[in-house]
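Heads up, the thing below is written out as structure tokens.
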Amino acid sequence: MSVEQHHFIHDEIARDLAHGANEGRVHTRFPPEPNGYLHIGHAKSICVNFGLAKHYNGKCNLRFDDTNPSKEEQEYVDSIQADVRWLGFEWDALYYASDFFEQLYQYGEHLIQHGNAYVCDLSVDQISEYRGWLDRPGKESPYRTRSVEENLDLFRRMRAGEFADGTKTLRAKIDMASPNPNLRDPVLYRIMRAHHHRTGDAWCIYPMYDFAHGQCDALEGITHSICTLEFEIHKPLYNWLIQNLPVPHHPRQIEMARLQLTYTVLSKRKLLELVKSGTVDGWDDPRMPTISGIRRRGYTPEALRAFCDHIGVARATSTIERVVLENAIRDDLNKRATRTMAVLDPIKVTIENIAAGHVEWLDAVNNPEDPSAGTRKIALTRTVYIERDDFREEAPKKYFRLAPGKEVRLRYAYCITCKEVKKDAEGRVVELVCTYDPQTGHGQTPDGRKVKGILHWVSAEQCVDVPVRLYDHLFAVEHPDDVPEGVDWKTNLNPQSLVVTSAKVEASLQAAAAGTHWQFERVGYFYVDPKDSRPQAPVFLRTTTLKDTWAKLEKRED
RNA sequence: UUCCCCGUGGUGUAAUCGGUAGCACAACAGGUUUUGGUCCUGUUAGUUCUGGUUCGAGUCCAGCCGGGGAAACCA
């Protein structure tokens, strides 16, 4: 599954290389703003940027786009670095846009001196009004004709803190009639007295994204500046600045479509809202599409990288089906997860022809995909538990699990036949009385009869109860963002996205270490929560279910 | 409404210079299997449409239709 795919950015880079651009270098960067936790969409960007660098024997930097101190925090800086490393990548250089604040300021003066920027006294509302509309040109600011000397003086005094927040901006002097609104004298600097997580109170003016991003790319020697489609309209400005500034290098911006996934939202604003409102249990809630949430859910970096390789890179907007992500982790865990048996919703089964107190130890395979994982002993006793869903009083067509008079195999043990069904006063099945055939060990039947149903089970005397959390999609619909006017997207939340329950498991699981992956046979993959587990007290989180052909068949019948 | 970008099976993504539309997931059918898991085999299904250029068009051109983006002192 993990095969690097060819995509259009390779073509672009190959063309540049063929023309001898950038001395044959390929240098990318991953430029997050530290204003939230990274999500799976960022994972795609990380894989593309670091992957390209690796493919061309180039470099990839990590750069924090920290130009807006009102939203950015150290907590996010730390989590982002941890996430990138967990994904399996190491940056060549670490930068912050704030490392370049002085240089950026000098570039601002350079633009002024060349008549390419001016200090504007218009208010936010006025700037917006003067900008015009999509189909209507803007009009020039009355401050557009200030002299170089006056602009320089004003810009220096802006830096010196002589003006109140929001009273002045530095704007590029480009074209108020441009069909691209980004070229209608965009704001380059604003006055904002906010404490910056790195530069403290050294600055009261901060560069805008457009003024910082391209110049940082240039200063870092980035050759290919990969971003998402919504920045495409910024490219003319990106290039204008590069051309009008004495930057050491000319990087090239290339846009790709951002990742969209069904059954989730991927906007930082909405994810932040889920966290702040307590809808989920923090950024690393296993239902969150954040890298930290996915990690805590029990996904592996290998699976996430395989997913990113698999989905491809293109310019067409598209939405990836959720199962693609799920298949990526199934594929990985199938090879590495140790098998065990666990019953989530038990029915007691009494095997009449096993004496009370008798224990037979049977061999069970730990991982059929990995012989080196070896075998373990499991205890068969007179009473065992099976899954409630593995018994029906009236078996539908093609149901080959247990039913009155029917025979099934207990995994790694013998075949049993259901002789009697005991119910409580409400008619709920409380116990099945069965007999086993001692001739049916080791997968054999002496007469060659076919016993198709195989059930997982645990010994009632040799099992332990452990807490289990069953996770499902956070949203009940494929496209949670698709809501009519005035309807809150949160109405699409899935009320069943978390079911807290317990399971009866093989006794050895009491010692399961935090951060280990298990397959509960016939049920799903589970991860021992690194956060809430304690020694001898593991908490099992369901990473994903196993594919369930029977459930699909049964659903189709309806 | 204006400008820009994008349209390949249900989904995602390939197709060198214009030369047999391929892969994966899903769906469906079957085989293997002490997990209705895994694995294996097969089937269904596609170039939005209309013209044009060409011996030949997914690819080039025009138009239409459809989708997305853009009007922060956010990134």
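Proteins come first, then strands; the chains are lettered A, B, ... in the order of their sequence lines, and each starts at number 1.
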Self-check item: Test item: A:Asn367 side-chain N/O and A:Lys335 main-chain N/O as donor-acceptor pair under 3.5 Å
Solution: yes
What integer number of Å spans the C1' atoms of B:U16 and B:U20? 16 Å
With sugar-phosphate taken as primed atoms, P, OP1 and OP2 and all else as base, the protein-contact string of nucleotides 26-35 of chain B at under 4.0 Å (heavy atoms; B, S, -) is SSSS---BBB
Give a yes/no on whether any side-chain N or O of A:Arg190 is located under 4.0 angstrom from OP1 or OP2 of B:C74. yes
Stems with RNA chain B, 3 or more Watson-Crick or G-U pairs in a row (under 3.5 Å), are B:2-7 with B:65-70, B:10-13 with B:22-25, B:27-31 with B:39-43, B:49-52 with B:60-63
Residue pair A:Leu455/A:Val187 against RNA chain B: nearer the 5' end by closest nucleotide is A:Leu455
| request: For nucleotides B:G58 and B:C49, find the distance between their C1' atoms and express it as a whole number of Å. | output: 14 Å
Rounding to an integer number of angstrom, what distance separates B:U44 and B:A29 when you compare their C1' atoms? 10 Å
Open item on the list: Taking A:Arg131's backbone N and O only, do any of them form a donor-acceptor pair with A:Arg184's side chain (distance below 3.5 Å, no angle check)?
Closed with: yes
When rounded to whole Å, the CZ to C1' distance for the pair A:Arg258 and B:C6 reads 16 Å
request  = Under 4.0 Å between any heavy atoms, over every strand shown, what does A:Ser70 touch: base, sugar-phosphate, or nothing? Just pick one.
outcome  = nothing
Rounding to the closest angstrom, what is the interatomic distance between B:C73 and B:G68 at atom P? 26 Å
**Q.** Flag, side chain of A:Trp457 to backbone of A:Arg411, donor-acceptor distance under 3.5 Å
**A.** yes
Item to complete: Check the angle between the aromatic planes of A:Tyr189 and A:Tyr105 and answer parallel, tilted or perpendicular using the 30° and 60° thresholds.
Response: perpendicular
Whole-Å distance, A:Arg15 CZ to B:U16 P, equals 13 Å
| task | Anything under 30° is parallel, anything over 60° is perpendicular, the rest tilted; go ahead and classify A:Tyr76 against A:Tyr37. | result | perpendicular
If you compare every side-chain N and O of A:Ser318 against the phosphate oxygens of B:U11 (OP1, OP2), does one of them come in below 4.0 Å? no
Checklist entry - Backbone N or O of A:Arg63 within a donor-acceptor pair of the A:Glu220 side chain at under 3.5 Å? => result no
query: For atom P, what is the distance between B:C39 and B:A62, given to the nearest Å?
result: 47 Å
More than 12 non-hydrogen atoms from neighbouring residues, nucleotides or ligands closer than 6.0 Å to NE2 on A:His195, yes or no? yes
Numerically ordered, the residues 36-43 of chain A set in heavy-atom contact under 4.0 Å with RNA chain B is none
Establish, with yes or no, whether the OP1 or OP2 oxygen of B:C4 is under 4.0 angstrom from a side-chain nitrogen or oxygen of A:Arg315. no
Give me the distance, rounded to whole Å, that separates B:G18 from B:A27 when you measure between the P atoms they each carry.
39 Å
- With rounding to whole Å, what would you report as the distance between B:G69 and B:C61 at their C1' atoms? 26 Å
**Prompt:** Under the criteria of a ring-centre distance below 5.5 Å and an interplanar angle below 30°, is A:Tyr209 stacked with the base of B:A75?
**Reply:** no
Give me the distance, rounded to whole Å, that separates B:U1 from B:C55 when you measure between the C1' atoms they each carry. 46 Å
